[in-house]
Amino acid sequence: MKIEHLGIAVKSLGLSDELFSKLLGKESYKQESVEREGVVTSFYQVGDSKIELLEASKGESPISKFIEKKGEGIHHIAFGVDDILFEIERLKKAGFQFISEEPKDGADNKLVVFLHPKSTNGVLVELCQEKP
């Protein structure tokens, strides 16, 4: 398991891309829309990990609700795993709660699943596995 990326909720992907490009000294390597989640993402490679900027594309999306409640900022931490189904079962047996126990297609060619923050000290945790 490794830190795959940090997800940051932003109001404006355009303004945030400008800011992170200056901060990191490089351009985003990928922008992608995930319609099912109502989000547009922008990715930056930072060493072995990534930064994912997330802007809501729908008013009722989880990112829109997050920003309304908490403002812009760190939304989740994603851990890259080799076998997402194994990790789901392992963590369920260890008592962790999931928002959904079925992996879904996510951004950046990943299968993803989220652990409920109630079981992870208030932090939304994503597990992600490269799609076969």
Side-chain angles (χ1 to χ4, degrees):
M1 197 178 289
K2 67 173 188 168
I3 294 177
E4 210 282 334
H5 68 267
L6 294 177
I8 301 174
V10 301
K11 291 179 183 176
S12 167
L13 203 55
L15 292 175
S16 295
D17 264 336
E18 203 175 299
L19 179 124
F20 275 84
S21 290
K22 287 179 193 173
L23 176 68
L24 300 172
K26 61 174 83 178
E27 298 296 316
S28 163
Y29 73 85
K30 178 188 228 178
Q31 287 192 351
E32 183 176 351
S33 178
V34 183
E35 290 298 320
R36 180 183 35 71
E37 296 296 325
V39 70
V40 180
T41 66
S42 186
F43 284 91
Y44 290 84
Q45 189 72 44
V46 183
D48 291 336
S49 298
K50 301 170 192 159
I51 299 290
E52 176 188 29
L53 304 179
L54 303 121
E55 177 190 65
S57 60
K58 299 179 196 172
E60 67 278 358
S61 77
I63 294 301
S64 180
K65 292 175 185 172
F66 178 90
I67 289 175
E68 263 180 41
K69 188 175 179 181
K70 298 184 178 183
E72 293 180 294
I74 293 181
H75 178 259
H76 67 272
I77 183 168
F79 293 102
V81 299
D82 293 328
D83 185 340
I84 199 166
L85 296 175
F86 172 82
E87 292 298 334
I88 291 168
E89 287 307 310
R90 181 182 74 80
L91 293 170
K92 277 181 10 186
K93 287 177 185 171
F96 289 90
Q97 297 174 325
F98 285 80
I99 292 175
S100 168
E101 295 177 13
E102 292 296 318
K104 301 186 262 186
D105 288 341
D108 205 27
N109 197 44
K110 302 284 189 284
L111 291 173
V112 302
V113 66
F114 288 89
L115 283 80
H116 200 289
K118 289 180 183 176
S119 66
T120 55
N121 285 351
V123 176
L124 181 62
V125 171
E126 175 184 7
L127 301 180
C128 58
Q129 173 191 316
E130 196 75 32
K131 285 185 198 174

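Hydrogens, waters and symmetry mates play no part in the numbers below; they use all other heavy atoms, side chains included.
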S.K.: Heavy atoms, side chains only, cut-off 4.5 Å: are Phe96 and Val125 in contact?
M.R.: no
S.K.: Can you sort out the partners of Gln129 under side chain to side chain contact (heavy atoms under 4.5 Å, CB included), two or more places apart, ordered by chain and number?
M.R.: Val81, Ile84, Leu111
S.K.: Can you hop from Ile8 to Ile67 via hydrophobic side chains spaced under 4.5 Å?
M.R.: no
S.K.: Taking only residues at least two apart or on different chains, which pairs with a member in residues 59-70 satisfy salt bridge (charged side-chain N to carboxylate O under 4.0 Å, His left out)?
M.R.: none
S.K.: Minimum heavy-atom separation for Tyr44 and Ser28, please, with both atom names.
M.R.: CE2-N, 3.2 Å
S.K.: Search all heavy atoms of Leu54 against all heavy atoms of Ile63 and return the closest pair with its distance.
M.R.: O-CG2, 3.6 Å
S.K.: For Ser100, enumerate each residue passing the side chain to side chain contact (heavy atoms under 4.5 Å, CB included) test, keeping only those at least two apart in sequence or located in another chain.
M.R.: Glu102
S.K.: Side chain to side chain donor-acceptor pair (under 3.5 Å) with Ser33: which residues, sequence neighbours excluded?
M.R.: Glu35
S.K.: Would a 4.5 Å heavy-atom cut-off, applied to side chains only, mark Val123 and Ile74 as touching?
M.R.: no
S.K.: Would you check if Pro62 and Glu37 make a side-chain contact, meaning some heavy-atom pair closer than 4.5 Å?
M.R.: yes
S.K.: Residues in side chain to side chain contact (heavy atoms under 4.5 Å, CB included) with Lys118, at least two apart?
M.R.: Gln97, His116
S.K.: Without swapping roles, check the side chain of Lys30 against the backbone of Ala107 for a donor-acceptor pair under 3.5 Å.
M.R.: no
S.K.: Where do Ile3 and Phe79 land on the side chain to side chain contact (heavy atoms under 4.5 Å, CB included) test, with the steps shown first?
M.R.: CA-CA 5 Å; Ile3 294 177; Phe79 293 102; 3.8 Å; yes
S.K.: Count I, L, V, M, F, W, Y as connected when their side-chain heavy atoms are under 4.5 Å apart, and connections chain through other members. Are Ile51 and Val34 then in the same cluster?
M.R.: no
S.K.: Looking only at heavy atoms, which two atoms of Leu127 and Leu115 are closest? And how far apart?
M.R.: CG-CD1, 3.8 Å
S.K.: Check whether Leu85 and Val113 end up in the same hydrophobic cluster, where Ile, Leu, Val, Met, Phe, Trp and Tyr are linked by side-chain heavy atoms less than 4.5 Å apart.
M.R.: yes
S.K.: Under a 4.5 Å side-chain heavy-atom rule over Ile, Leu, Val, Met, Phe, Trp and Tyr, are Leu19 and Val40 clustered together?
M.R.: yes
S.K.: Look at the side-chain heavy atoms of Ile, Leu, Val, Met, Phe, Trp and Tyr, link any pair under 4.5 Å apart, and say whether Phe66 and Val10 land in one connected group.
M.R.: no
S.K.: Measuring only between side-chain heavy atoms, which start at C-beta, is Asp108 closer than 4.5 Å to Tyr29?
M.R.: yes
S.K.: Tell me, please, which residues at least two apart from Ser16 pass side chain to side chain donor-acceptor pair (under 3.5 Å).
M.R.: none
S.K.: For residues 2-17, which residue pairs pass the salt bridge (charged side-chain N to carboxylate O under 4.0 Å, His left out) check, not counting sequence neighbours?
M.R.: Glu4-Lys50, Glu4-Lys110
S.K.: Over all heavy atoms of both residues, which pair between Ser64 and Gly59 is shortest? Give the atoms and the distance, please.
M.R.: OG-O, 2.9 Å
S.K.: Report the residues that fulfil side chain to side chain contact (heavy atoms under 4.5 Å, CB included) with Lys92, sequence neighbours left out, ordered by chain and then residue number.
M.R.: Ile88, Glu89, Phe98, Glu101
S.K.: Supply the atom-to-atom distance Glu27 CD to Glu18 CD, rounded to the nearest 0.5 angstrom.
M.R.: 10.0 Å
S.K.: Of the non-hydrogen atoms in Val112 and Cys128, which two are nearest, and what is the gap between them?
M.R.: CG1-CB, 3.8 Å
S.K.: Write out all pairs satisfying side chain to side chain donor-acceptor pair (under 3.5 Å) with one or both partners inside residues 72-83, taking only residues at least two apart or from two chains.
M.R.: His5-His76, Glu52-His76, His76-Glu126
S.K.: Linking directly or through intermediates, with side-chain heavy atoms under 4.5 Å: list the remaining ILVMFWY members grouped with Leu15, chain and number order.
M.R.: none
